[in-house]
Amino acid sequence: VRVGTALVDLYAKCGLLEKAKAAFNKLPYHDVISWNALITGYVQHALEDEALSCFKQMHFDGVLPDDVSFVCMLKVCGSLGAVFKGYEMHAEIIKKGWLEKGSTIVSALVDMYANCGLSEEAREVFDKLSIRDTVDWNALIAGYALLGQDQDAFHMLCEMLKQGSNPDLVTFTTILNVCSHGGLLEKAETFFQVMLIDHQIEPTLKHFTCLVDLYARAGQLDKGEAVILKLPFQAD
RNA sequence: CGCGUUGUGGAAGA
């Protein structure tokens with residue numbers, strides 16, 4: 001079943017969901033992990049309805065969802081904007097005492113609320129955390145970015161630094177993107193330097209893209225071009 | 001420490 005599940009996962013990740021399902025059906029029995037592998041395949045390829053019906057089928061087959069299953073389904077709720085279902089899952093997670101089970105489930109909750117447009121709820125979940133890792137911070141900052149709450153996004157980055165968490169390349173991609181949407185060129189240049197110098201993070205193509213975008217919008221095409229020509233890798 | 005599944009990030013275009 002382990003090997004079979006790995007096969008399900010492989011097909012699912014390649015987007016060959018028919019094959020994944022066939023491999024899944026050939027398994028002698030289905031445990032929660034093989035169900036999760038199939039469900040995440042559907043989630044990752046934006047087949048939310050399939051994921052939902054799989055989740056129900058799992059229940060029907062008498063397999064209890066674990067925390068991983070919930071993380072996947074929270075993502076579905078977020079993509080669909082299914083607020084009510086999201087609340088239900090949140091309540092169930094609390095009931096099972098899984099909020100303490102690791103930050104994966106909490107950042108998934110933050111992400112879900114943000115994707116549903118509920119930044120207050122996202123913030124509430126986040127604030128209850130006693131220990132916050134980089135991904136938790138990133139999820140909240142990305143939520144503010146998504147909802148156009150630029151000031152909140154910047155503020156949370158400051159808080160993050162104050163509280164001694166280390167921002168990573170994802171944090172700065174998000175922040176540079178906020179600058180890009182707001183046309184905040186100087187701010188972006190500053191953050192870019194902070195990223196390089198204070199945090200010694202190697203910029204990726206995504207970081208450079210934000211910069212180029214900003215220069216382009218500011219009409220400074222020459223500077224944008226200069227960035228592209230100096231790219232440490234091939235432009236796309 | 002990992003050895004079957006899970007959380008956060010970019011522009012344009014259609």
Side-chain angles (χ1 to χ4, degrees), chain A residues 1-13 20 23-24 27-44 51 54-55 58 63 65-79 89 93 98-99 101-115 122 125-126 129 132-146 153 156-157 160 165-181 183 188 191-192 195 201 203-217 224 227-228 231 235-236:
Chain A
V1 175
R2 289 189 182 208
V3 176
T5 300
L7 189 63
V8 171
D9 180 52
L10 180 71
Y11 281 133
K13 285 202 167 105
F24 176 82
L27 293 175
Y29 64 92
H30 300 138
D31 61 10
V32 67
I33 297 180
S34 44
W35 276 109
N36 286 345
L38 185 62
I39 291 174
T40 59
Y42 288 129
V43 173
Q44 283 167 358
C54 245
F55 188 70
M58 174 171 84
V63 176
D66 64 1
D67 51 333
V68 175
S69 319
F70 272 89
V71 168
C72 297
M73 296 318 291
L74 285 172
K75 197 170 217 172
V76 170
C77 294
S79 316
M89 302 215 133
I93 287 164
W98 282 348
L99 283 184
K101 196 161 175 173
S103 80
T104 307
I105 198 138
V106 174
S107 58
L109 273 170
V110 171
D111 182 56
M112 183 276 290
Y113 280 126
N115 275 101
V125 175
F126 178 87
L129 277 174
R132 299 168 182 132
D133 70 12
T134 300
V135 176
D136 297 321
W137 286 100
N138 288 350
L140 186 64
I141 293 173
Y144 284 136
L146 177 71
M156 288 318 290
L157 175 62
M160 182 180 189
S165 271
N166 289 321
D168 64 3
L169 72 165
V170 174
T171 318
F172 284 104
T173 311
T174 310
I175 287 294
L176 288 177
N177 188 234
V178 171
C179 297
S180 160
H181 279 107
F191 281 124
F192 192 71
M195 175 177 89
I201 295 169
T204 68
L205 185 56
K206 297 183 187 189
H207 298 107
F208 288 117
T209 304
C210 292
L211 281 185
V212 171
D213 183 67
L214 269 163
Y215 285 125
R217 282 176 212 258
V227 172
I228 295 173
L231 282 183
D236 66 2

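Because the structure is a prediction, the values reported are computed rather than measured. Residue numbers start from 1 in every chain, and the chains themselves are labelled A, B, ... in the order their sequence lines are given, proteins ahead of strands.
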Distance below 4.0 Å between A:Arg217 side-chain N/O and B:A12 OP1 or OP2 = yes
P gap between B:C3 and B:G7, integer Å = 15 Å
Measuring from A:Cys72:SG to A:Ile39:CD1, what's the distance to the nearest 0.5 Å?
-> 6.5 Å
Separation of B:G9 C1' from A:Asn115 CG (nearest whole Å) = 13 Å
Would you kindly give the CG-to-P distance between A:Leu146 and B:A11, to the nearest whole Å?
-> 11 Å
Any A:His181 side-chain N or O less than 4.0 Å from OP1/OP2 of B:G10 | no
With a 4.0 Å cut-off on heavy atoms, is A:Asp31 in touch with a base, just the backbone sugar-phosphate, or nothing at all?
-> base
So what does A:Asp136 hit on the nucleic acid, given a heavy-atom distance under 4.0 Å: a base, only sugar-phosphate, or nothing?
-> base
Per A:Asp133 side chain, nearest of listed nucleotides B:U5, B:G9, B:G7 = B:G7
For A:Thr209, which contact category applies under a 4.0 Å heavy-atom criterion: base, sugar-phosphate, or nothing?
-> base
Nearest-nucleotide pick for A:Val68, side chain only, options being B:G4, B:U5, B:A11 = B:U5
In terms of side-chain heavy atoms of A:Asp236, which of B:G10, B:G7, B:G4 is nearest?
-> B:G10
Is the base of B:G4 touched by the side chain of A:Thr5 through a donor-acceptor pair closer than 3.5 angstrom?
-> yes
Classify the nucleic acid contact of A:Leu169 as base, sugar-phosphate or nothing, counting any heavy atom under 4.0 Å across all strands shown.
-> base
Among B:U6, B:U5, B:G10, which is the nearest nucleotide to the side chain of A:Gln44?
-> B:U6
Report the nucleotide, chosen from B:G7, B:U8, B:A11, that has the shortest atom-to-atom distance to any side-chain atom of A:Asp213.
-> B:A11
Distance col, row A:Trp35:CH2 vs A:Thr5:OG1, nearest 0.5 angstrom, shows 12.0 Å
A:Leu99 CG to B:G7 P: how many Å, rounded?
-> 18 Å
Minimum-distance nucleotide (side-chain atoms of A:Ala142 versus B:G4, B:U6, B:G9) = B:G9
Which is true for A:Ser103 with a 4.0 Å heavy-atom rule: it touches a base, it touches only sugar-phosphate, or it touches nothing?
-> base
A:Ser34 near the nucleic acid: base, sugar-phosphate alone, or nothing, with a heavy-atom cut-off under 4.0 Å?
-> base
When all nucleic acid strands are considered with a 4.0 Å heavy-atom cut-off, which category describes A:Val1: base, sugar-phosphate, or nothing?
-> base
When rounded to whole Å, the CH2 to P distance for the pair A:Trp35 and B:U5 reads 18 Å
Nearest-0.5 Å distance that lies between atom CD1 in A:Ile105 and atom CG in A:Asp67 | 5.5 Å
Expressed as a whole number of Å, how far does the P atom of B:U6 sit from that of B:G2?
-> 15 Å
Check every atom of B:G9, B:G7, B:G4 against the side chain of A:Ala6 and return the nucleotide holding the closest atom.
-> B:G4
Mind checking the CE-OG1 spacing from A:Met156 to A:Thr171? Nearest 0.5 Å is all I need.
-> 12.0 Å
Whole-Å distance separating the CE atom of A:Met89 from the C1' atom of B:U6 = 14 Å
Do A:Asn177 and A:Ser180 get their side chains close enough for a donor-acceptor pair, meaning under 3.5 Å?
-> no
Looking only at B:U6, B:U8, B:G10, the nucleotide nearest the A:Lys75 side chain is B:U8
Output for pair (A:Leu7 CG, A:Tyr11 OH), nearest 0.5 Å, gives 5.0 Å
Nearest listed nucleotide, side chain of A:Asn177, among B:U6, B:A11, B:G4 = B:A11
Would you confirm whether the ring centroid of A:Phe24 sits within less than 6.0 angstrom of the ring centroid of A:His30?
-> yes
Calculate the interatomic distance between A:His30 atom NE2 and B:G4 atom P; express it in whole Å.
-> 18 Å
Whole-Å distance between B:G4 C1' and A:Asp66 CG?
-> 13 Å
Write down the distance between OH (A:Tyr11) and C1' (B:G4), rounded to a whole number of angstrom.
-> 16 Å
Per atom distances to the A:Thr204 side chain, the nearest of B:G9, B:G7, B:U5 is B:G9
